[in-house]
Amino acid sequence: MNQPQLQAALIHHRTPARAVNRHTLRTLCRGLGLPLIEIVDQPDLDVGQPSIADRFWVVGRHLLRSAADAWFQFSTRRYSLAASLRRYIAESCRLLRAFACSTPNEWAFAYRVCLVEDVLVQKHLAAWRAALQANAQWLLVLEDDAEVLPQTGKRIKVFLGNQLRMLEFDGRMYCDFAGGYAPHLVLPRNAEWNPKLGYWNLPYVRTNTICSYLMSRQLTKDILSIVDRLPLLKQLPADHLINLASRLTQPKNVSSLCLHWQAPFFRHGSFQDGLASTVSGVR
């Protein structure tokens, strides 16, 4: 069997503090023989105080994310419809109270975070479109706070060369390669544990963070197709967008395959090493 065609994408903004880490990620991709594209360009995010319209946009994005999360939890049967609605109403009230009491500096920070999230969505969309244009079967996405560990290259090579074939799955597949939040905060109770290979398996896509992930061509096509039909989805942060779009496009009685490792392939630098998070708005 021929080696599956992979495309790697490195998402960054030429941040000087992460230059060494980007070099390490490029070296890793060269060592694995993966063609690499870099998604870099973005508008200037130096903004002042948000206008009234900007504030409504910020609130709208937060309420949309809360609604998307509630529907996702209901559709994956983690909560009942009544429980999902209660959680959505409670979260919406909390958000509205928080924004009503926000200071000008807090509004400015919230606005900047939303701008950064919006830019990141555009960059991930660009990576997905580039992978389809390259006719790649799989796309490995790396943000520049994905830190390479001593066994990262070897583990990826084994997974791509042997384990991926053993799964015999070429449909809708998502692999979280970096983690971030503790698994029990992200995964449902019915996640299937594979003790031999050290990962959890889900029948639908549920992201942890999107610091580093592998996505199949079919899933990439499905997500882009619904984003093109429903542009409102682009108002969600990228991880929430992936969750919702993949769920909306999952055919009835057809499972996706989503893998989360107990010991991820990469370390999420923004979570564990004190690097400034991209979404924090601090570059």
With Phe177, the ring pair (Phe, Tyr, Trp, His ring centres under 6.0 Å) member among Trp138, Trp261, Tyr213 | Trp261
Indicate yes or no: at least one non-hydrogen side-chain atom of Met215 is less than 4.5 angstrom from one of Val141.
-> no
Would Asn105 and Gln49 count as a side chain to side chain contact (heavy atoms under 4.5 Å, CB included) if you check the C-alpha gap in whole Å, the side-chain angles of each, and the deciding distance to 0.1 Å?
-> CA-CA 8 Å; Asn105 285 341; Gln49 287 293 328; 4.1 Å; yes
Working to the nearest 0.5 Å, report the span between CG of Leu248 and CZ of Arg229.
-> 9.0 Å
Other than Tyr79, which residues form its hydrophobic cluster under the rule that side-chain heavy atoms must be closer than 4.5 Å?
-> none
Do Leu95 and Ile89 share a hydrophobic cluster, counting only Ile, Leu, Val, Met, Phe, Trp and Tyr and linking them when any side-chain heavy atoms are less than 4.5 Å apart?
-> no
Look at the side chain of His12 and the backbone N and O of Arg14, then say whether any donor-acceptor pair between them is shorter than 3.5 Å.
-> yes
Out of curiosity, does Ile226 fall in the hydrophobic cluster containing Leu232 (side-chain heavy atoms, cut-off under 4.5 Å, transitive links)?
-> yes
Given side chain to side chain contact (heavy atoms under 4.5 Å, CB included), test Cys175 with Phe159 step by step and report yes or no.
-> CA-CA 11 Å; Cys175 301; Phe159 179 72; 3.8 Å; yes
Atom CD1 of Ile242 and atom CG of Leu233: how far apart are they, to the nearest 0.5 Å?
-> 12.0 Å
Do the side chains of Pro188 and Arg77 get nearer than 4.5 Å, heavy atoms only?
-> no
Taking all atoms of both residues into account, what is the closest heavy-atom pair of Ala131 and Arg217, and its distance?
-> O-NH1, 4.0 Å
From CG (Leu202) to OH (Tyr174), nearest 0.5 Å = 11.5 Å
Going only through I, L, V, M, F, W and Y residues with side-chain contacts under 4.5 Å, is there a path from Leu197 to Phe266?
-> yes
Do Ile156 and Val158 share a hydrophobic cluster (ILVMFWY, side-chain heavy atoms under 4.5 Å, transitive)?
-> no
Using 4.0 Å as the upper bound for N to carboxylate O, is an ion pair formed by Lys123 and Glu143?
-> no
List the atom of His124, the atom of Ala238, and the distance in Å for their closest heavy-atom pair.
-> CD2-CB, 4.1 Å
So, Ser225 and Asp228: side-chain donor and acceptor under 3.5 Å apart, yes or no?
-> no
Return the set of residues passing salt bridge (charged side-chain N to carboxylate O under 4.0 Å, His left out) with Arg22 (not counting sequence neighbours), or none when no residue passes.
-> Asp144
Spacing of CG belonging to Leu140 relative to CG belonging to Leu28, to within rounding of 0.5 Å | 8.0 Å
Shortest non-hydrogen contact from Ala146 to Asn21?
-> O-ND2, 3.0 Å
Between Arg55 and Ser102, is any side-chain donor less than 3.5 angstrom from a side-chain acceptor?
-> no
Would Leu241 and Ile223 count as a side chain to side chain contact (heavy atoms under 4.5 Å, CB included) if you check the C-alpha gap in whole Å, the side-chain angles of each, and the deciding distance to 0.1 Å?
-> CA-CA 9 Å; Leu241 185 157; Ile223 291 177; 3.9 Å; yes
Connected via hydrophobic side-chain network under 4.5 Å: Leu139 and Val40 | no
Cluster membership besides Phe74, Ile/Leu/Val/Met/Phe/Trp/Tyr side chains within less than 4.5 angstrom, sorted by chain and number, is Leu81, Leu85
Residue Arg61 excluded, over 12 heavy atoms near CZ under 6.0 Å = yes
Are Arg78 and Asp69 ion-paired here, with the side-chain N under 4.0 Å from a carboxylate O?
-> no
Residue pairs involving residues 232-250 (criterion salt bridge (charged side-chain N to carboxylate O under 4.0 Å, His left out); sequence neighbours excluded) = none
Ignoring hydrogens and geometry, is there a side-chain-to-backbone donor-acceptor pair from Ser66 to His62 under 3.5 Å?
-> no
Closest heavy-atom contact between Ile37 and Ala130?
-> CD1-CB, 3.2 Å
Sorted by first residue and then second, give each side chain to side chain donor-acceptor pair (under 3.5 Å) pair with at least one member in residues 199-208; sequence neighbours left out.
-> Thr207-Asn243
Gap between atom CD of Glu38 and atom CG of Leu142 - 0.5 Å precision | 10.5 Å
Check for a donor-acceptor pair, side chain of Asp222 on one end and backbone N or O of Leu219 on the other, with a separation under 3.5 Å.
-> no
Test ring pair (Phe, Tyr, Trp, His ring centres under 6.0 Å), reference Phe99, set Trp107, Phe56, Trp57, Tyr111, output is Trp107
Any idea which heavy atoms bring Val205 and Phe72 closest together, and the distance?
-> O-CZ, 3.4 Å
Is the backbone N or O of Ala134 less than 3.5 Å from a side-chain atom of Gln5, with the two atoms forming a donor-acceptor pair by type?
-> yes
Would you say the side chain of Leu64 lies within less than 4.5 Å of the side chain of Leu236, judging by non-hydrogen atoms?
-> yes
List the steps, then state whether side chain to side chain contact (heavy atoms under 4.5 Å, CB included) holds for Asp145 with Cys211.
-> CA-CA 7 Å; Asp145 58 347; Cys211 172; 3.5 Å; yes
About how many Å separate SG of Cys114 and CZ of Arg65, when rounded to the nearest 0.5 Å?
-> 7.5 Å
Is there side-chain contact between Leu214 and Leu160, with at least one heavy-atom pair below 4.5 Å?
-> yes
Any side-chain donor-acceptor pair under 3.5 Å between Ser256 and Gln250?
-> yes
Counterpart residues, salt bridge (charged side-chain N to carboxylate O under 4.0 Å, His left out), relative to Arg94 (two or more places apart) = Glu91
Residues Ala110 and Val58: closest non-hydrogen pair is CB-CG1, 4.1 Å
Check: Ser84/Arg87 side-chain N/O donor and acceptor closer than 3.5 Å = no
